[in-house]
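The structure appears below as structure tokens.
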Amino acid sequence: MLIKIRIIVCLLSFFLFQGCATSQQGTQQTVSFSSFPAGANVKTSHGFSCALTPCKIKLPRNRSFEVVVSKPGFTTERVSVDSVPSGLGAVGAVGSALIGGVIATGYDVYKGGVFELTPSTVEVKMQSTSAMVLEEVRGISNMNLFGE
């Protein structure tokens, strides 16, 4: 009888620990940023940043955002990163609902344990603005402005 109780307690504690989406994947996710050329500044719409690409930032899973990648002399690029329901988070939320009920599931959703950020790797190719200006000047100089 004592062995059965120990087995049941052991199994229940295992399920309690593994059931919560927040405990399975956490409330933050690391997103990688890279640019060509490297050495660009990264800033998110919710205030996170890194000085030079390539870099990684740990971000909250429950908020979509826009990232701006910029470097002097090059075009500024903008990329949207979305917070979407994740498969692992959904499994954890079901575990939370079975074990902890509505409150535990609500906690997982509120804290972001049921979401993932996509894309998890942001790569941008920036164009040289000086090359763009030269191309524009070349195009204007080749125009026949006086009908000759």
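The distance from the CG atom of Asp82 to the CZ atom of Arg63 is 13.5 Å, given to the nearest 0.5 Å. Taken to the nearest 0.5 Å, the CZ atom of Phe33 stands 11.0 Å off from the CG atom of Asn41. Between atom CD of residue Gln29 and atom OG of residue Ser120 there is a gap of 6.0 Å, rounded to the nearest 0.5 Å.
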Discussion item. Under the criterion side chain to side chain contact (heavy atoms under 4.5 Å, CB included), I'd like the reasoning laid out for Val124 against Val79: C-alpha separation, chi angles, the key distance, then a yes or no.
Written reply: CA-CA 8 Å; Val124 297; Val79 178; 3.6 Å; yes
Item to complete: Take Thr53 and Ser35 through the side-chain hydrogen bond (donor to acceptor under 3.5 Å, both in side chains) test and state the conclusion after the steps.
Response: CA-CA 6 Å; Thr53 56; Ser35 66; 2.5 Å; yes
Item to complete: Test side-chain hydrogen bond (donor to acceptor under 3.5 Å, both in side chains) on Glu77 and Thr75 and set out the steps.
Response: CA-CA 6 Å; Glu77 302 296 326; Thr75 56; 2.8 Å; yes
Practice prompt. Check step by step if side chain to side chain contact (heavy atoms under 4.5 Å, CB included) holds for Phe48 and Leu59.
Written response: CA-CA 8 Å; Phe48 294 87; Leu59 299 162; 3.4 Å; yes
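A pairwise comparison of heavy atoms in Lys56 and Thr30 identifies CB-CG2, 3.7 Å as the closest pair. Contact between Met126 and Ala40 at its shortest, heavy atoms only, is SD-CB, 3.9 Å. Of all the heavy atoms in Ser34 and Glu123, the pair that sits closest is OG-CG, 3.2 Å. Minimum interatomic distance between Lys58 and Gln28 (heavy atoms only, all atoms of both residues): CD-OE1, 3.4 Å. Nearest heavy atoms, Pro119 versus Val81: O-CG1, 3.8 Å. When all heavy atoms of Val42 and Cys55 are compared, the closest pair comes out as CG2-SG, 4.2 Å.
The hydrophobic clustering, which links ILVMFWY residues whose side-chain heavy atoms are closer than 4.5 Å, places Phe115 and Val67 apart. By the rule that hydrophobic residues join a cluster once side-chain heavy atoms approach within less than 4.5 Å of another member, Ile57 and Val122 end up as members of one cluster.
In this view, Phe36 and Lys125 satisfy the side-chain contact (heavy atoms from CB on, under 4.5 Å) rule, not counting sequence neighbours. Partners of Phe65 according to the ring-ring contact (aromatic ring centres under 6.0 Å, His included) rule, which considers only residues two or more places apart in sequence or in another chain, are His46. In this view, Glu66 and Arg78 satisfy the salt bridge (charged side-chain N to carboxylate O under 4.0 Å, His left out) rule, not counting sequence neighbours.
Using a distance-only test at 3.5 Å, with no hydrogens or angles considered, no donor-acceptor pair links the side chain of Ser70 to the main chain of Thr76.
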